[in-house]
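Here is the structure we will look at, set down as structure tokens.
First the proteins, then the strands, lettered A, B, ... as listed; each starts at 1.
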2 protein chains.
Amino acid sequence: MSPTIKDIALRAGVSYATVSRALNNHPEVSKATREKVLHLAKEMGYRPNAIARGLVTKETRTIGLVLPDITNPFFPEVARGVEEAASESGYSVFLCNTDWSSEREEEHLHALMQKQVDGFIVAPSSDQLTHLLKILDAGCKAVFISGVISHPNSVSIIIDNVRGAQMAVEHLLKKGHRQIGFVGGVQDVATNNERFLGYRKALESWGIGLEWDCIRKGDFRREGGLAVTKELLRLEERPTAIFAANDLTALGVLQAVKEEGLAIPQDVAVVGFDDIQFASLPEIELTTIAQPKFQMGRLAFQKLLQMNKEDGPAKERIILRPKLVVRKTS
Amino acid sequence: MSPTIKDIALRAGVSYATVSRALNNHPEVSKATREKVLHLAKEMGYRPNAIARGLVTKETRTIGLVLPDITNPFFPEVARGVEEAASESGYSVFLCNTDWSSEREEEHLHALMQKQVDGFIVAPSSDQLTHLLKILDAGCKAVFISGVISHPNSVSIIIDNVRGAQMAVEHLLKKGHRQIGFVGGVQDVATNNERFLGYRKALESWGIGLEWDCIRKGDFRREGGLAVTKELLRLEERPTAIFAANDLTALGVLQAVKEEGLAIPQDVAVVGFDDIQFASLPEIELTTIAQPKFQMGRLAFQKLLQMNKEDGPAKERIILRPKLVVRKTS
DNA sequence: TTGTAGGCGTTATCAG
DNA sequence: CTGATAACGCCTACAA
């Protein structure tokens, strides 16, 4: 379809090598021929075949972004960040959804390896990390967003989930709440575990015992938050405040509270985690813990690139500071 | 890193060709050697190099998804659909954001062509279609989501925007509104133009003249809707209802109305377009026009695949039916 | 400054 | 059923 180097060489009356050199701006090529070649290339509509190039250079300028669910508003923002940074550097990014399944995660990783991506950015879908370690051992580079893996071929970019959750719950404690529920996300996911830990620590440091009745697991989606909260609210001693493992869940919580005819924040206060775009809607005004999603995406790509260039192990672990955003639900 | 066919051939004591055949399940290869090869391949951890394969087969099992902004909740759902369908068929998808810029769209298309994608799914960022036609003429296959292009190498999947907008506005008319404002999206985008056309038609068919003062353009985002609506509401004869070109814009409209101290829907009714996930939140309950986003994504991929297989031109144009979802803002 | 030739890892076309 | 061998389009020593 598009002409090849061979075609150009023929028309220009020079060798393959010369054309290739001219095209790649090598210094050892005379002005005259370079211009002739470049001109001809444009005229003939030459488009280098990145596949062929990749085969020889072993660099595809392609990375894989694998995350649980692009439909969760947290992820589009980080995706945006990595995509933007990537395309600025001439990289393209494969998008893969795992639907929180570690099997699908592994399948995607596998497929991407075959496609010879230059690296991975992954938001782990579970605590099942063996397959991730395997690809790192195989020499692949990766940066992990939320989810720590210690391996010289990887860097982790995480928000301090424990600290964030602690801030959230302490905020509620300071408001006078003593009966605070926890509506979690998908089980066995680091994000969820850490946020639970923060919740726990906050309560403990205030000398308040855990009430297991008040602790439930959802699915990181609205539906889960809704269903689980209904149960919580029908307890004998219902919580006066709820900390949700993420904003989507918190939206479900809000809905449940309203559907039970209770007022927010008077009857029950709620705080979420993530600060997704919609948390700030005047109709919602969700109190939450913010993390710099877009920047995390950009940073992730930069780190990946950096690992590939100077292949000394980059700083292994970057911990971002969470920020409490107080709005109207608490 | 990973062994190659050559390596396996050496260890198995057979030729490249035989190994390749065994690996690809060709019939002409004896049970014995097939098993030997397969076993060895597994043992040695063989991973086919898709890049090399692509070079010879001219099929990368890779497609490009280029859309304006993954951060707009309309798009993650369609992205999800295409990604899911794609991975079921062993395809990977490149994600590209154009930020509504036709130049960036062109750049991305260019880059993806070099990467030899098997096809494109694009949600056009403007009415600037020449570069799209160019790639089609160059032999690329593409399916367009919202945005019609007539070309044998493409199929368009669109919702009937005109009809949808008409439904929205007629709904408002039936509710008794006569002063209906339009808050648009990015200019020169088919989606926006068509929705405006529907607005116009509805009014005309009810014998109501257009008031240009009531017609404003936004940016398909909340911010735009907010700013523009503030102006609208300060008009001498402010509209009693507003049709927004998409839901994100509608959210901005809602906010503006509230900030001006007016009640919804009593003082001003509003209806949007898209039915994004958040339109159904109890706090929002936005009346809107729904489109089957996820299914559009899946369908888009299926059509693309189909065009590639049987390369007779597929049905060129698929028009989906919009659906009015009445909630509490009208 | 330019040309020759070999190789990147696969698949595919021939003969045997 | 199996083996050479030639592509695919590009890059890069090495030699001239």
> Are B:R34 and B:H26 linked by a side-chain donor-acceptor pair shorter than 3.5 Å?
Replying inline: no
When you get a sec, tell me which of [options] is the closest nucleotide to the side chain of [X]?
{"X": "A:V56", "options": "D:dG3, C:dG7, C:dG3", "result": "C:dG7"}
{"X": "B:A17", "options": "D:dA4, D:dA13, D:dT2", "result": "D:dA4"}
{"X": "B:H26", "options": "C:dA12, C:dT1, D:dC10", "result": "C:dA12"}
{"X": "B:T33", "options": "D:dT2, C:dG9, D:dC10", "result": "D:dT2"}
{"X": "B:T18", "options": "C:dT10, D:dG3, D:dG9", "result": "D:dG3"}

Kindly say if [X] contacts the phosphate of [N], meaning a side-chain N or O under 4.0 Å from OP1 or OP2.
{"X": "A:S30", "N": "C:dT2", "result": "yes"}
{"X": "A:N24", "N": "D:dC11", "result": "yes"}
{"X": "B:Y16", "N": "C:dT13", "result": "no"}
{"X": "A:S15", "N": "C:dG3", "result": "yes"}

> Say you draw a straight line from CE of B:M113 to CG of B:L109; how long is it, rounded to the nearest 0.5 Å?
Replying inline: 8.0 Å
> Under 3.5 Å, is there an N or O donor on one side and an acceptor on the other linking the side chain of A:R47 and the base of D:dG9?
Replying inline: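 Check fails, no donor-acceptor contact within cut-off.
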Can you check the [X] [atom1] to [N] [atom2] distance for me, whole Å?
{"X": "B:R61", "N": "C:dT11", "atom1": "CZ", "atom2": "C1'", "value": "14 Å"}
{"X": "A:R53", "N": "D:dC8", "atom1": "CZ", "atom2": "C1'", "value": "16 Å"}
{"X": "A:R21", "N": "D:dG9", "atom1": "CZ", "atom2": "C1'", "value": "17 Å"}
{"X": "B:I5", "N": "D:dT5", "atom1": "CD1", "atom2": "P", "value": "18 Å"}
{"X": "A:K31", "N": "C:dT2", "atom1": "NZ", "atom2": "P", "value": "13 Å"}

> Which part of the nucleic acid does A:S20 contact within heavy-atom distance under 4.0 Å: base, sugar-phosphate only, or nothing?
Replying inline: base
> When we call it a touch if two heavy atoms are under 4.0 Å apart, what does B:K58 touch: a base, just sugar-phosphate, or nothing?
Replying inline: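 The answer is sugar-phosphate, as B:K58 gets under 4.0 Å only of primed atoms, P, OP1 or OP2.
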